[in-house]
Structures are given as structure tokens and as C-alpha cells.
Engineer: 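Just passing along the structure, written as C-alpha cells.
Proteins come first, then strands; the chains are lettered A, B, ... in the order of their sequence lines, and each starts at number 1.
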2 protein chains.
Amino acid sequence: MGHLTHFGADQERGGQMPRISAVERRALLCEAALLVLSRDGLGALTTRAVVAEAGMSLASFHYAYDSREQLLGDVIAAVIAKEREAGLAGLLAEAGSAEQALRAAVRGYLALLRADPGREQGMLELTQAALRTEALSPLAAAQYRHYHDVAADLLAQVATRHDVVWRAPLADLAALVVALTDGMTLAWLAERDDAALDRLADLAVAALVGQLEPALATEAAR
Amino acid sequence: MGHLTHFGADQERGGQMPRISAVERRALLCEAALLVLSRDGLGALTTRAVVAEAGMSLASFHYAYDSREQLLGDVIAAVIAKEREAGLAGLLAEAGSAEQALRAAVRGYLALLRADPGREQGMLELTQAALRTEALSPLAAAQYRHYHDVAADLLAQVATRHDVVWRAPLADLAALVVALTDGMTLAWLAERDDAALDRLADLAVAALVGQLEPALATEAAR
DNA sequence: TACCGAGTGGGACACCTGACCCACTTCGGA
DNA sequence: TCCGAAGTGGGTCAGGTGTCCCACTCGGTA
């Protein structure tokens, strides 16, 4: 019989999922996938690994998702949706100057990176793979657009809060922030040189400060 | 009999490799691997795809390499060894100022990126995967150290050629150059926004110029 | 000339992967 | 009370993967 022993209304219903809706299951699978991706990398992100992490059966996976590719898309979308920079807002409020605010923001991100390097590395791997997949590459683009929006918000907040203006268009500077962030991430992931990362962060902040000028200057110029 | 039909001393010895030494075969496989990696990505970089690209049999692969991992290591080492920035030296000589030289160097790299995006993307994928592999992660670190050295050389040349000095340590600025380069690469690969890349490049150059000062200034300070 | 080792070919193996299927259980509503 | 749909479990399939092996051919040397 084999599969007939489903132990129907058993008392011992060990760890099997007690009837979860498909949408909720998608969320659980997404979370499990992100965990596997962070811990073991994209190469180990198989349907079986995800299902094992979530404690489900393989069939439950294909009940929630049509394909692995669809799951990957949802993972990217989930990362876009989840706001991980919420903590940065608090840091900004405490800063005494624009430069201090920028430094706090950069250090805040780097703390996140150091706390969970696999997470950032996994997202990098996933993004690169998505760019190779026709259906997923728009999502990768959207992900970077989101990063830009977050960076632009940050820069705008710094400007208004500390009475300064940016010399270059906000969107361009936001792109610079994203590029600097990614660049620092890649370098540290490869070399794991903490001291070098700190010095690099200072240079990055200096680069941004160089694009800053007092608000009065523009008003006087009018 | 099947495999007995090796068509020994046939006239028609179509495309099969006519007795290549193991070391030379390694080079050919490396080259083929880099091509597959650029064109189809890391996920498609299988032993079979590599030997197909090189026009070899699968057995030849494991005669030259003990494992796929060993090949990946050789690919990284080959990229480190191959100097792709040779053309940049010419660009530097024509520049009339330090800023123009830096701009020419950045634009030179970006032209390389735009000409063969798969190449840069493939290297990113490979590096990330190497960082997940115990035996390969030192090579990934060496790769980035090499990037830093190249960048430091560039910055040093600019300084001596245009009679300027860098405000920050050369090694730190080299790290900034590498980070900016990687960041620009990632952003453009994801969004493919050429105009935004040009604006970003200008900001990157400005960030470097901000760390520059005339050589006379330091001499006067003495 | 005989031979021995380097190089080559095709096939095979064991394993993993994504996808799927069918029998089954549960639950909410008619 | 019944019933259909949602959800679940295990097994299975076809294809791909890295690795290995054996039979074979060639080039140089004793």
C-alpha cells in the first residue's frame, strides 16, 4: 500500500502543514527561499531545498507555484516590497549636520551588510540570474528602480532637514548612492576587509558631501 | 561494436582535436568556458557546454581537469592574468588635464562594458559563486586585489602625469574607483539606461576630482 | 620494429532537478 | 447529510549533471 498510510485523523500530526491557503503558502515558501538563498546561495536554491526549509512536501510547492521561476519572481517582488531601511529614518533625525546624516545612513547600511552578508550576496546572485531570464529581467530592473527611489528619498530628507541643496539632480545622485553602496558591498564580500570598508565609506560620504551646498547660496544667487 | 568504429587513420578526421597536450587543452577549455559564461551565464556553464564550445569530447575535459571546480578556478586566474586595460594607457596620454584623464579612463571602461555586457555579468556571477565555494573564495579575493592594483596604477599615473597629488591614500582611492566601477556596472546591467550611466559616470569622475589638489599646494605647505 | 605511455572517444553510472500525477483528506456550504 | 472544491502526500518521470571507465590510437623511444 505504501502511500495509503496517510494516518488520517492521527493524534501524532507531527510537522505537516495543517491546511494552509495557497496565498499564505506562497508567503511561507518565499520566506524559506530567501533563507536558503542567504545561507547556501543560488546554486542550492532548488525546489526541494526550499520545501525542506519550509517543512512542506514537494507537491505543496507546485500547488502554490506553477514553476520555480515564478517563485524567484515572487522573492524579488517580496524584497522590493519589504522596507528594510525603516531604521535609517531614526538615524537621520539624530544627526547634527548633513554630513553626519549621510555618514549615519551609510554606516547603517554597512551594519546591515555585516550582520547578514549572505543576504546581500544572495540578492546579488538572484539579480544576476534574473537578468539572464527573460521573464524575470523586468523585475530585476524594477528592483534597482526601487533602490533609486529609496536613495532619492534619503537624499531629499537630508537636504530639507539640514537646510542644504544638492548641486546635481536628485535622481542622478540617488544613482550614485546606489552604485557606491553596491560597490562597497561587492568589495567587502570579496575581501572581508573591515578597516578598508570603513575608509571606503568615508570616501563615499565625502563624494556625496562634495555635491552639497548651503541653501543660502542659491537664494543669494537669485 | 559501436565504439569500435573509431575510423582510425581516416581521411575524414573532421573536427576532432589532433593530439593536444594537457596544458594547452586547459587553455582552450578556459577560453571556451569564458565564452559560454559570457553568452549563457553561470547556470549554463556545464562541462558539456564547455567541451561543446571547444569542440572536444567530455573525456578530454577530465583528462585536462580533475573537476569542474578546478576549471572555474583557472578561469578566474586567467582573467586576473589577462590585462584588459592595456588600451587605457593610450587614452591617458592624450588627456590635457587630470580630470580629462579620469573621464577618459572611466569612459574607456564603460565602452568595454557596453561592448560585451555578458562578459562583465558573467564575471560577477562567477565571483559570487566562487565566494560560496571554499576552495575558490581566495581566488575571488585575489581578483579584487588585482582590480585595486590596476586602479591604483591608474591613479598614480594621473597624478604624476598632470602634476597633481591625491588627498587620500592611493589604496583607499583605488578601492573607491573599483567600487564606483562595480556599482555603475551593476546599475547599467539591471536597467540598461545609457543616458543615466553617462550622468553617473560624470558624478563618479567628480567624486575623484574632489580628492585631487595641485602638487604646488603641498609643497607650499611644507 | 616492438612497445609504452600520453592523449582520445564513446558510453555508462549514480545522482539530482523541475515538473507532474493520482489517490487521498479535510472543510464549507447546499 | 452529502458533495465538490481546496489542499496534501508520496511516488514517478524525463532530462540533465559531474564523474568515471575501458577500449582505442598515436608519437616517440629502446
Engineer: Does A:Arg119 have any salt bridge (charged side-chain N to carboxylate O under 4.0 Å, His left out) partners at least two apart in sequence or in another chain, and if so, which?
Structural biologist: none

Engineer: Using a distance-only criterion (donor-acceptor N/O pair, under 3.5 Å, no hydrogens), is the base of D:dT8 paired with the side chain of A:Arg19?
Structural biologist: no

Engineer: In whole Å, I'd like the distance from the CD1 atom of A:Ile20 to the C1' atom of D:dG9.
Structural biologist: 14 Å

Engineer: Run the salt bridge (charged side-chain N to carboxylate O under 4.0 Å, His left out) test against B:Asp153 and tell me which residues pass, sequence neighbours left out.
Structural biologist: none

Engineer: Identify, with sequence neighbours excluded, every residue that meets side chain to side chain contact (heavy atoms under 4.5 Å, CB included) alongside B:Arg107.
Structural biologist: B:Arg103, B:Asp198, B:Ala201, B:Asp202

Engineer: Just grab all the ring pair (Phe, Tyr, Trp, His ring centres under 6.0 Å) pairs involving residues 38-59 of chain A, residues at least two apart or on different chains.
Structural biologist: none

Engineer: When you check the phosphate oxygens OP1 and OP2 of C:dT8, does a side-chain N or O of B:Tyr63 lie under 4.0 Å from one of them?
Structural biologist: no

Engineer: At under 4.0 Å between heavy atoms, which parts of nucleotides 16-22 of chain C does protein reach? Answer with one letter per nucleotide, 5' to 3': B base, S sugar-phosphate only, - none.
Structural biologist: -BBB-B-

Engineer: Is the phosphate of D:dT8, meaning OP1 or OP2, less than 4.0 Å from a side-chain N or O of A:Arg25?
Structural biologist: yes

Engineer: Quickly work out the B:Leu29 CG to C:dT8 P distance and round it to whole Å.
Structural biologist: 11 Å

Engineer: For a 4.5 angstrom cut-off between non-hydrogen side-chain atoms, does A:Leu176 reach A:Asp172?
Structural biologist: no

Engineer: Between B:Ser21 and C:dA6, does any side-chain N or O lie under 4.0 Å from OP1 or OP2?
Structural biologist: no

Engineer: Note every stem involving DNA chain D: at least three consecutive Watson-Crick or G-U wobble pairs, i with j then i+1 with j-1, with both distances under 3.5 Å.
Structural biologist: C:1-30 with D:1-30

Engineer: Check salt bridge (charged side-chain N to carboxylate O under 4.0 Å, His left out) between B:Asp194 and all other residues, then give those that pass, not counting sequence neighbours.
Structural biologist: B:Arg114

Engineer: Could you tell me which residues satisfy salt bridge (charged side-chain N to carboxylate O under 4.0 Å, His left out) with A:Arg145, sequence neighbours excluded, listed by chain and number?
Structural biologist: none

Engineer: For residues 46-53 of chain B, which side-chain N or O atoms pair as donor and acceptor with protein atoms under 3.5 Å away, sequence neighbours left out?
Structural biologist:
unit_1	atom_1	unit_2	atom_2	d
B:Thr46	OG1	B:Ala49	N	3.0
B:Glu53	OE1	B:Arg39	NH2	2.3

Engineer: Whole angstroms only, please: what is the CD-P distance between A:Glu24 and D:dA6?
Structural biologist: 17 Å

